[in-house]
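Below is one structure, written out as structure tokens; the observations come after it.
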Amino acid sequence: MKVLVTGGCGYIGSHTIVDLINNGFDVVSVDSNIRSSTQLLEGVEKITGKKVRNYKVDLCNLEDTHAVFHENRDIVGVIHFAALKTVPESVAEPLLYFQNNLTSLTNVLKCVKEFNIPNMVFSSSCSVYGNTTALPVVEETPLGEAQSPYARTKQMGEQIIQDYSRVNSTQSILLRYFNPVGAHPSALIGELPLGKPDNLVPVITQTAIGKIPKLTVFGHNFDTRDGSCIRDYIYVMDIANAHTRALQYLIDKKNSNNCEVFNLGTGNGVTVLEAIKAFEKISGVKLNYELGPDRPGDVIAIYADNTKAKSELGWEPKTGIEDMMRTAWQWEVSLRDRVLNN
Ligand code: NAD
Ligand code: WQD
């Protein structure tokens with residue numbers, strides 16, 4: 001069975017392709033490489049022994065997108081990862097985010113409709129919950145006000161798919177990721193932030209390797225067990241496996257509604273200081289960090305209730321924070337070694 005993955009050259013898309021191939025799916029990717037290169041797909045080939053074709057197409061171009069679907073009309077489903085995802089950039093360039101993330105989505109849906117593609121999985125985000133204080137977050141928790149244009153594109157993307165699914169036969173699943181981190185255990189693929197990263201784990205590994213001089217812990221006087229913010233860090237290969245299961249679930253037609261939502265988190269909150277300690281323990285590196293002011297817009301604490309994904313998809317996140325950090329560190333070291341060997 002063939003699957004079309006959009007954004008397959010990116011971080012979560014590439015890890016998901018590995019899991020799909022390991023579970024017997026054939027995969028084609030569409031990625032304009034606006035925020036990536038083919039490097040991760042080369043890593044996917046080394047891991048799986050399978051070459052994955054990428055169509056270098058901007059999904060905002062309907063004609064080019066249509067041509068890809070026309071050539072791959074035998075697909076059982078689409079997993080739609082392609083999007084811009086940097087929160088501060090979305091604040092500075094809101095139109096870029098609305099244009100890219102929503103035009104690409106509606107173009108994909110137009111093709112899904114025309115070619116009668118039965119199944120669709122969409123990358124959503126815990127950022128749709130906004131500044132919620134009802135913890136842990138269940139799928140029915142009311143969506144709060146989006147804290148950035150990026151988050152708003154995810155809320156709007158979800159609504160577009162829900163409205164579409166009401167009047168079309170495509171079954172769809174919206175997966176709300178919490179904080180995806182780590183890399184494939186082979187260290188052949190991982191996160192490749194462009195420029196200076198904003199997310200905690202790449203900041204930790206880049207500080208440890210010397211690319212960043214010092215990490216600042218954003219806020220240390222919150223009402224949490226050690227004063228720093230709490231997040232639900234979830235291993236990227238566990239996230240990847242949830243996509244394979246979501247697709248299989250749709251294929252098996254267990255989906256009674258046309259559009260269902262699942263949280264993808266471990267269910268455990270980890271503080272920033274605990275994440276740093278876990279990294280120091282597995283790497284043996286003493287991290288250069290300081291306690292600093294809060295980051296505007298940050299939620300103090302958020303973590304998932306993942307009961308629904310466990311019971312409906314049979315999904316079980318298997319990886320703890322230390323193993324997540326270990327793979328992220330091995331990936332960072334492998335990137336340095338590649339530079340040194342060239
Ligand atoms: P990524 O930037 O590594 O991958 C996204 C890929 O989409 C990139 O390769 C980019 O080139 C491609 N792309 C963007 N716009 C495109 C377009 N118009 N046409 C074709 N390709 C396009 O990001 P990621 O971390 O792998 O995220 C994948 C998805 O998951 C995104 O939708 C993101 O919003 C969502 N998500 C990510 C996180 C996270 O922390 N990484 C958390 C929640 C949700
Ligand atoms: C995690 C924690 C920071 C960097 C973002 C997006 C969200 C989703 C996931 C896509 C926070 C702290 C961070 C640093 C720090 N992405 N931190 N020093 O903000 O939870 O979520 O990524 O959908 O939409 O907003 O993730 O990794 O940036 O931060 O102390 O240098 O680490 O304050 O508590 P966040 P993050």
Side-chain angles (χ1 to χ4, degrees), residues 5-8 10-13 15-16 35 59 77-87 90 97-98 100-109 112 119-132 134 136-166 170-181 199 231-236 238-247 249-250 255 257-267 299 302-310 312-313 315 317:
V5 169
T6 75
Y11 173 45
I12 306 174
H15 288 76
T16 301
R35 290 298 153 88
L59 294 160
V78 177
I79 307 184
H80 183 51
F81 291 102
L84 299 176
K85 64 157 184 182
T86 309
V87 171
S90 79
Y97 272 67
F98 289 120
N100 187 74
N101 293 0
L102 299 180
T103 306
S104 55
L105 172 62
T106 52
N107 282 349
V108 166
L109 286 173
V112 161
N119 303 304
M120 161 113 178
V121 179
F122 176 67
S123 297
S124 189
S125 159
C126 68
S127 61
V128 299
Y129 293 112
N131 250 327
T132 185
V137 179
V138 290
E139 287 81 357
E140 294 73 30
T141 300
L143 304 191
E145 193 189 332
Q147 298 297 300
S148 67
Y150 164 76
R152 214 179 306 281
T153 69
K154 291 297 172 191
Q155 289 184 340
M156 292 166 85
E158 287 197 356
Q159 281 164 7
I160 288 168
I161 296 172
Q162 278 159 352
D163 287 345
Y164 170 86
S165 301
R166 236 168 253 133
T170 311
Q171 306 182 103
S172 53
I173 283 185
L174 314 175
L175 295 177
R176 291 179 181 156
Y177 319 153
F178 279 65
N179 289 57
V181 298
N199 294 121
R231 294 289 182 276
D232 190 339
Y233 300 96
I234 170 83
Y235 183 44
V236 66
D238 286 331
I239 289 257
N241 181 250
H243 290 76
T244 309
R245 287 177 183 273
L247 184 66
Y249 172 89
L250 291 175
N255 193 3
N257 301 324
N258 271 337
C259 183
E260 281 200 69
V261 184
F262 293 95
N263 282 339
L264 297 183
T266 62
V299 180
I302 187 161
Y303 50 94
D305 182 317
N306 60 12
T307 313
K308 188 176 172 200
K310 281 180 167 171
E312 302 283 313
L313 304 178
W315 176 69

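Between Ser104 and Ala82, the shortest heavy-atom contact is OG-O, 4.3 Å. When all heavy atoms of Glu139 and Val261 are compared, the pair lying nearest together is CG-O, 3.4 Å. Nearest heavy-atom pair across Val128 and Ala151 is CG1-O, 4.5 Å. Listed here is the closest heavy atom pair of Pro180 and Ile12: CG-CD1, 3.9 Å. Residues Lys154 and Ser123 share a closest heavy-atom pair of NZ-O, 2.9 Å. For the pair Thr153 and Tyr97, the tightest heavy-atom approach, listed with the atom from each and the gap, is CG2-O, 3.6 Å.
Every residue meeting the side-chain contact (heavy atoms from CB on, under 4.5 Å) condition with Asn199, not counting sequence neighbours, appears here in chain and number order: Glu191, Pro202. Under the rule for a side chain to side chain donor-acceptor pair (under 3.5 Å), the partners of Asp305 that lie at least two apart in sequence or sit in another chain are Thr307. For Arg152, there are no salt bridge (charged side-chain N to carboxylate O under 4.0 Å, His left out) partners, not counting sequence neighbours. Listed by chain and number, the residues in a side-chain contact (heavy atoms from CB on, under 4.5 Å) with Asn306 are Lys310, Trp315, Pro317 (sequence neighbours excluded). Taking the ring-ring contact (aromatic ring centres under 6.0 Å, His included) definition, one finds that Tyr11 meets it with His15, sequence neighbours left out. Scored by the side chain to side chain donor-acceptor pair (under 3.5 Å) test, Asn107 finds no partners at all (sequence neighbours excluded). Not counting sequence neighbours, the partners of Ser124 by the side chain to side chain donor-acceptor pair (under 3.5 Å) test are Glu158. Take Val87 and apply the side-chain contact (heavy atoms from CB on, under 4.5 Å) test, not counting sequence neighbours, and it matches Ser148, Tyr150. In terms of the side chain to side chain donor-acceptor pair (under 3.5 Å) criterion, Ser90 has no residue partners (sequence neighbours excluded). Every residue two or more places apart in sequence or in another chain was checked for a ring-ring contact (aromatic ring centres under 6.0 Å, His included) with Tyr164, and none qualifies. The side-chain contact (heavy atoms from CB on, under 4.5 Å) search around Val137 returns Tyr129, Thr132, Leu135, Thr141, Phe178, Asn263, Ile302, not counting sequence neighbours. In this structure His80 satisfies the ring-ring contact (aromatic ring centres under 6.0 Å, His included) test with no other residue, sequence neighbours excluded.
For the atom pair OG1 of Thr106 and CG of Asn101, the computed distance is 11.0 Å after rounding to the nearest 0.5 Å. Atoms CG and CZ, on Leu175 and Arg245 in that order, are 13.0 Å from each other to the nearest 0.5 Å. Distance check, rounded to the nearest 0.5 Å: CG of Asn179 to CZ of Arg231 gives 6.5 Å. Rounded to the nearest 0.5 angstrom, Tyr303 OH and Ile234 CD1 are separated by 15.5 Å. Considering CG of Leu174 and CD1 of Ile161, their distance stands at 5.5 Å, rounded to 0.5 Å. In this structure, CD1 in Ile173 is found 6.0 Å from OH in Tyr249, a value given to the nearest 0.5 Å.
Side-chain N or O atoms of Ser172 include none that pairs as donor or acceptor with a backbone N or O of Val121 at under 3.5 Å. A distance-only check finds a donor-acceptor pair linking the side chain of Gln155 to the backbone of Gly144 [under 3.5 Å]. Of the possible polar contacts, one joining the Asp232 side chain to the Ala304 backbone as a donor-acceptor pair under 3.5 Å is found.
Annotation: side chain of Leu105 is not in contact with side chain of Met156 (no heavy-atom distance under 4.5 Å). Side chains of Lys308 and Val138 form no contact here, defined as non-hydrogen atoms less than 4.5 Å apart.
No side-chain donor-acceptor contact under 3.5 Å links Thr266 and Tyr233.
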